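Heads up, the thing below is written out as C-alpha cells.
Residue indices begin at 1 and follow the sequence shown. Keep in mind that this is a model prediction, so the values were computed, not measured.
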Amino acid sequence: PESKPDIKETRMRILLRIITAVALAMAAVGALAQDKVVYHFDSGIAQATKGLRNIRNHLDVDPNAKIVAVAHAEGVDFLMEGAKTGNNQEFAALVSDLSARGVVFEICEITLKNRSLKREQFILGPTFTPSGVVRIANLQAREQFAYIKP
C-alpha cells in the first residue's frame with residue numbers, strides 16, 4: 001500500500017514555495033528600484049573634479065545606480081583630449097574608469113557649434129547629444145532621473 005504524504009512535510013513544501021516566491025518578488029522589486037541620476041556639468045575643471053569624485057563615491061555606495069553625466073558650455077572642457085585636473089591627472093583615465101562602471105558621458109552639440117569645437121578634440125567614450133539642457137530635462141521629466149549638479 002502507498003503511504004500518504006506526511007501533513008507536516010506537505011506544509012513545509014508549501015511554506016518553502018511561498019518563501020521562494022516572496023524572495024523572488026522582492027529581488028524583482030529591488031531591480032526595478034534602481035537609482036537613476038543625471039549629473040550636470042557646465043562650469044569647467046573644478047566642477048568636473050568634484051563631480052567625478054561624487055560619481056565615484058555614488059557608485060561605491062550604490063554600484064547598480066544608472067548614471068548619465070551631461071556636459072555643456074565650459075562643462076565639456078574636462079572631456080577634451082589632454083584635459084587635466086588641478087593636480088595634473090588626466091581626466092581621460094578618470095572618465096574611462098567610470099565608463100567601465102557603467103556611467104554614460106554625453107556632450108552637447110550646441111556647445112561644440114557655439115565654441116567652434118570639433119568632435120575629434122574629445123576623448124574616446126563620450127557620446128554626443130543635440131542639446132545638453134534638453135537632454136537633462138528629458139532624463140528628469142520622461143525617465144524620472146534624479147538631478148545632481150556638483
Side-chain angles (χ1 to χ4, degrees), residues 10-115 117-150:
T10 301
R11 286 183 179 163
M12 289 301 286
R13 285 183 185 164
I14 291 170
L15 183 60
L16 184 58
R17 287 181 184 157
I18 291 170
I19 290 170
T20 302
V22 169
L24 290 171
M26 289 174 64
V29 168
L32 293 174
Q34 174 187 40
D35 281 344
K36 299 184 299 185
V37 182
V38 58
Y39 279 78
H40 179 186
F41 292 89
D42 68 349
S43 299
I45 300 302
Q47 181 196 33
T49 302
K50 180 170 71 170
L52 294 182
R53 183 179 60 245
N54 291 163
I55 293 172
R56 186 184 63 241
N57 292 341
H58 192 142
L59 290 172
D60 286 347
V61 174
D62 183 5
N64 295 320
K66 180 176 182 180
I67 297 176
V68 178
V70 179
H72 70 97
E74 289 80 28
V76 305
D77 293 354
F78 79 100
L79 295 168
M80 296 184 77
E81 197 66 53
K84 295 182 179 182
T85 66
N87 62 1
N88 216 28
Q89 183 178 11
E90 293 239 352
F91 276 108
L94 299 172
V95 170
S96 178
D97 289 345
L98 291 172
S99 294
R101 295 177 72 180
V103 178
V104 174
F105 289 86
E106 298 183 11
I107 299 167
C108 173
E109 291 178 330
I110 292 174
T111 296
L112 271 61
K113 180 181 171 213
N114 290 345
R115 293 181 57 192
L117 299 172
K118 305 271 185 251
R119 287 179 178 219
E120 299 77 35
Q121 293 176 267
F122 292 89
I123 61 176
L124 294 177
T127 59
F128 295 86
T129 187
S131 168
V133 294
V134 170
R135 179 67 171 142
I136 291 166
N138 287 337
L139 286 168
Q140 288 182 270
R142 295 185 185 156
E143 298 184 43
Q144 288 79 46
F145 271 65
Y147 172 85
I148 296 178
K149 184 172 183 179

For D60, side chain to side chain contact (heavy atoms under 4.5 Å, CB included) partners two or more places apart: R56, N57, R101
Close side-chain approach of V95 to L52, heavy-atom, < 4.5 Å: yes
Distance-minimising heavy-atom pair for L112 and K118: CD2-C, 4.3 Å
Donor-acceptor contact below 3.5 Å, side chain T111 vs main chain A73: yes
Short N-O contact, K36 and E143, less than 4.0 angstrom: no
Heavy-atom donor-acceptor pair, S43 side chain to Q47 backbone, under 3.5 Å: no
Within 6.0 angstrom of M12 CE, more than 12 heavy atoms from elsewhere: no
For the student: nearest non-hydrogen atoms of C108 and G132, plus distance: SG-N, 3.3 Å
NZ (K50) with more than 12 external heavy atoms under 6.0 Å: no
Distance-minimising heavy-atom pair for I55 and A69: CD1-CB, 4.3 Å
Pairwise side-chain contact, T20 with V22, heavy-atom cut-off 4.5 Å (strictly under): no
Pairs where residues 85-113 contributes a residue and the test ring pair (Phe, Tyr, Trp, His ring centres under 6.0 Å) is met, not counting sequence neighbours: F78-F91
Short N-O contact, R115 and D77, less than 4.0 angstrom: yes
Side-chain donor/acceptor of Q140 to backbone N/O of A137, under 3.5 Å: no
Rounded distance (nearest 0.5 Å) linking atom CG of L59 with atom CG of D97: 11.5 Å
For the student: nearest non-hydrogen atoms of P150 and F41, plus distance: CG-CE2, 4.1 Å
More than 12 heavy atoms of other groups within 6.0 Å of L15 CG: yes
Heavy-atom closest contact (S131 atom, I110 atom, distance): CB-CD1, 3.8 Å
Validation row: V37, Y147 side chains within 4.5 angstrom (heavy atoms): no
E106 and R135: CA distance, side-chain angles, deciding distance, side-chain contact (heavy atoms from CB on, under 4.5 Å) verdict: CA-CA 9 Å; E106 298 183 11; R135 179 67 171 142; 2.8 Å; yes
Test item: M80 and Q121 side chains (from C-beta on) under 4.5 Å apart, heavy atoms: yes
Sub-4.5 Å side-chain heavy-atom contact between F145 and K66: yes
Check: I107 and T129 side chains under 4.5 Å, non-hydrogen atoms: no
Where H58 and A65 come nearest, the two heavy atoms and their spacing: NE2-CB, 3.8 Å
